2 protein chains.
Amino acid sequence: MHSDIIKYCSNFVELTTQDKEILNQAFQPTFVQRKKFLLKEGEKCGFIAFIASGVIRHFHIKDGEEITCDISVGPCFITDFASFNKNIPSKFSFQALKDTEAFCISYDDLNQLYNQSTALEQLGRIMAENVAERSTEMSLALISQKPEERVQHLLASRPELFQLVSQRHLANLIGITPESFSRIRSRISKKP
Amino acid sequence: MHSDIIKYCSNFVELTTQDKEILNQAFQPTFVQRKKFLLKEGEKCGFIAFIASGVIRHFHIKDGEEITCDISVGPCFITDFASFNKNIPSKFSFQALKDTEAFCISYDDLNQLYNQSTALEQLGRIMAENVAERSTEMSLALISQKPEERVQHLLASRPELFQLVSQRHLANLIGITPESFSRIRSRISKKP
DNA sequence: AAAGTAGATTGCCCTCGGTCAATAAACCGT
DNA sequence: ACGGTTTATTGACCGAGGGCAATCTACTTT
């Protein structure tokens with residue numbers, strides 16, 4: 001629902017009635033059917049999307065292969081900041097893995113919105129900080145842990161993903177092949 | 001110099017005379033001698049630091065080993081958002097590799113500053129977006145490229161680092177051992 | 001200048017994960 | 001329910017990178 005944006009954002013900042021009004025008007029509802037795309041690599045990512053419900057897979061194509069680099073489960077915000085801010089083609093595609101209810105706002109509308117309310121500007125900052133935090137943590141995991149540790153960490157920290165997405169995508173996410181992912185899993189379940 | 005903050009920030013937002021005044025007052029100068037620490041892992045990172053000049057190595061300790069996960073060359077801002085925002089112990093140490101001129105602001109002072117000026121709130125958002133962008137790119141490189149590609153990319157994109165930091169640190173940064181780093185480099189210089 | 005410490009390089013061996021291929025199972029569209 | 005496609009698992013083989021140790025060099029420290 002449209003009002004989910006309000007509910008979600010209220011977790012981070014205090015919104016006035018007017019702020020809520022602005023949010024409601026600025027975000028355009030966009031339904032994305034399972035397997036369809038919210039963004040295709042090479043296009044400009046001219047929006048920030050609030051994913052009210054559903055699941056979005058972020059992937060990049062390398063040597064003809066899709067590399068899944070993130071899985072976003074609603075409610076959350078997604079965008080490609082590099083493309084969004086610099087107005088350049090995106091390196092990523094956003095594909096729905098489940099029917100997804102999204103609400104999008106364009107660059108210009110967003111900046112206008114930022115100028116109208118400090119709470120919203122603050123919200124934008126907090127969202128960016130959260131992305132920064134998450135991907136810093138992800139980089140650290142990738143350079144400091146071995147594949148087997150990363151599998152264990154994934155099992156422990158995001159078990160819900162195993163119902164939502166295929167193992168080949170999960171394997172990409174932690175930088176290994178689907179075959180290794182399968183082998184490591186079976187190795188883990190035998191040993192412990 | 002203190003005024004470097006103003007110069008740097010002006011690249012991102014328009015600052016009024018008053019904004020400049022506020023910035024000057026809010027940031028406390030902190031000199032960090034080569035090899036000394038701006039932050040030690042386990043402490044709370046209660047500040048955002050503007051690095052006016054110098055070089056800071058970010059590292060995390062894993063199994064008793066230092067894992068260098070970022071190198072920040074001034075001018076730039078650094079912090080650990082996870083620790084800073086949630087007020088929890090940091091997973092990182094910040095060590096100066098060169099004598100470093102930093103200017104720090106505390107959490108409370110920063111939030112006060114955000115309330116005083118939308119330009120500064122905006123600045124905070126843009127800094128966070130930049131971190132998000134950089135570390136998203138870093139994660140992608142780690143999951144989509146092989147060690148040899150990452151070495152080549154590092155050589156191409158940040159050659160200046162080879163003068164500033166030891167190879168063992170650069171090796172960590174791209175998730176390989178110093179020995180492999182050395183071997184891959186010599187392999188590269190022979191082949192093409 | 002000497003001694004001691006840290007970094008870089010190289011060799012050897014080994015392991016883990018990558019690659020390729022075959023099979024089996026689950027999923028999909030019609 | 002059917003045939004076709006995608007996915008998961010397993011096997012066999014291989015090779016890049018890891019681990020360890022020895023050597024050599026460069027840098028600090030006194």
Side-chain angles (χ1 to χ4, degrees), chain A residues 33-36 55 57 59 61-68 71 93 95-99 141-155 159 161-191, chain B residues 33-37 55 57 59 61-68 71 93 95-99 141-155 159 161-192:
Chain A
Q33 206 183 349
R34 181 173 138 83
K35 304 232 169 156
K36 297 279 201 260
V55 182
R57 176 170 76 101
F59 70 87
I61 295 183
K62 173 87 192 300
D63 305 329
E65 295 288 315
E66 296 182 357
I67 310 284
T68 298
I71 303 288
S93 295
Q95 184 187 30
L97 295 182
K98 305 275 176 199
D99 287 354
L142 289 166
I143 62 178
S144 69
Q145 299 176 344
K146 299 192 208 291
E148 182 165 339
E149 296 178 281
R150 300 202 296 268
V151 173
Q152 283 174 320
H153 183 255
L154 188 67
L155 280 159
L161 289 188
F162 288 74
Q163 332 301 5
L164 290 174
V165 317
S166 66
Q167 289 190 195
R168 77 185 308 102
H169 297 333
L170 294 181
N172 294 176
L173 210 53
I174 58 174
I176 62 177
T177 61
E179 293 94 325
S180 296
F181 190 84
S182 172
R183 276 189 270 262
I184 291 172
R185 280 187 69 195
S186 76
R187 190 198 308 161
I188 288 173
S189 66
K190 278 162 200 156
K191 267 200 293 184
Chain B
Q33 207 182 348
R34 181 173 139 83
K35 304 231 169 156
K36 296 279 200 261
F37 289 78
V55 181
R57 177 169 77 99
F59 70 87
I61 295 183
K62 174 86 192 300
D63 304 328
E65 295 287 315
E66 297 182 358
I67 310 284
T68 297
I71 303 289
S93 294
Q95 184 186 31
L97 296 181
K98 305 275 176 198
D99 287 355
L142 289 166
I143 62 179
S144 69
Q145 298 176 344
K146 298 186 206 267
E148 182 164 339
E149 296 178 281
R150 300 203 295 268
V151 172
Q152 283 175 320
H153 183 254
L154 187 67
L155 281 159
L161 289 188
F162 287 75
Q163 333 301 3
L164 290 174
V165 318
S166 67
Q167 288 189 198
R168 77 185 308 101
H169 297 334
L170 295 180
N172 293 181
L173 209 53
I174 57 174
I176 61 177
T177 61
E179 294 93 325
S180 296
F181 191 84
S182 172
R183 278 188 270 262
I184 291 172
R185 281 187 69 196
S186 76
R187 189 199 308 161
I188 288 173
S189 66
K190 277 162 199 156
K191 264 202 292 182

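Here is the naming used below: chain letters follow the sequence lines, and residue numbers restart at 1 for every chain. Keep in mind it's a predicted model, so treat the numbers as computed, not measured.
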Report task. Figure out the CZ/C1' separation between B/Arg57 and C/dG7, and round it to whole Å. Result -> 13 Å
Report task. Take the protein atom CG of B/Leu164 and the nucleotide atom P of C/dG7, then report the distance between them rounded to whole Å. Result -> 16 Å
Requested in this report: Let me know the distance between CD of A/Gln167 and P of C/dA25, rounded to the nearest Å.
Outcome: 16 Å
Requested in this report: Mind calculating the distance between CG (B/Asn172) and C1' (C/dA6) to the nearest angstrom?
Outcome: 15 Å
Query raised in the report: Is there a donor N/O on one and an acceptor N/O on the other, under 3.5 Å, for the side chain of A/Arg187 and the base of C/dG17?
Result: no
**Report entry** D/dG18 phosphate, OP1 or OP2, under 4.0 Å from B/Thr177 side-chain N/O
**Finding:** yes
Report task. Quickly work out the A/Glu65 CD to D/dT6 P distance and round it to whole Å. Result -> 13 Å
Query - Within-4.5 Å side-chain heavy-atom neighbours: A/Ile174 and A/Leu170 - result: no
Query raised in the report: Where the side chain of B/Arg168 is concerned, which of C/dA8, D/dA21, C/dG17 is the nearest nucleotide?
Result: C/dA8
Requested in this report: Could you state the atom-to-atom distance from CD of A/Glu179 to P of D/dC13 in whole Å?
Outcome: 17 Å
Report task. Send over the distance from A/Arg183 CZ to D/dT10 C1', rounded to a whole Å. Result -> 7 Å
Requested in this report: State whether the side chain of B/Glu65 and the backbone N or O of B/Lys62 hold a donor-acceptor pair below 3.5 Å, judged by distance alone.
Outcome: no
Query raised in the report: Roughly how many Å is it from CD1 in B/Ile176 to C1' in C/dT9, rounded to a whole number?
Result: 14 Å
Query raised in the report: Any idea how B/Phe181 and B/Phe162 line up, ring-wise: parallel (<30°), tilted (30 to 60°), or perpendicular (>60°)?
Result: parallel
Requested in this report: Going by the side-chain hydrogen bond (donor to acceptor under 3.5 Å, both in side chains) test, name the single residue among A/Arg187, A/His153, A/Arg183 that passes it with A/Glu148.
Outcome: A/Arg187
Query raised in the report: Does C/dG29 have OP1 or OP2 sitting under 4.0 Å from an N or O in the side chain of A/Lys35?
Result: no
Query raised in the report: A/Ser166 side chain: which of C/dT10, D/dT7, D/dT10 is closest?
Result: D/dT7
Query raised in the report: Quick one: which of C/dT10, D/dT10, C/dG17 gets closest to the side chain of A/Glu148?
Result: C/dG17
Query raised in the report: Between A/Ile184 and B/Pro178, which is nearer to the 5' end of DNA chain C once each is assigned its nearest nucleotide?
Result: B/Pro178
Report task. Look at the side chain of A/Arg150 and the backbone N and O of A/Gln145, then say whether any donor-acceptor pair between them is shorter than 3.5 Å. Result -> yes
Query raised in the report: Hey, is the side chain of A/Arg185 pairing donor to acceptor with the base of C/dG17 inside 3.5 Å?
Result: no
Report summary line: Between B/Arg34 and B/Ser180, the residue closer to the 5' end of DNA chain D by nearest nucleotide is B/Ser180
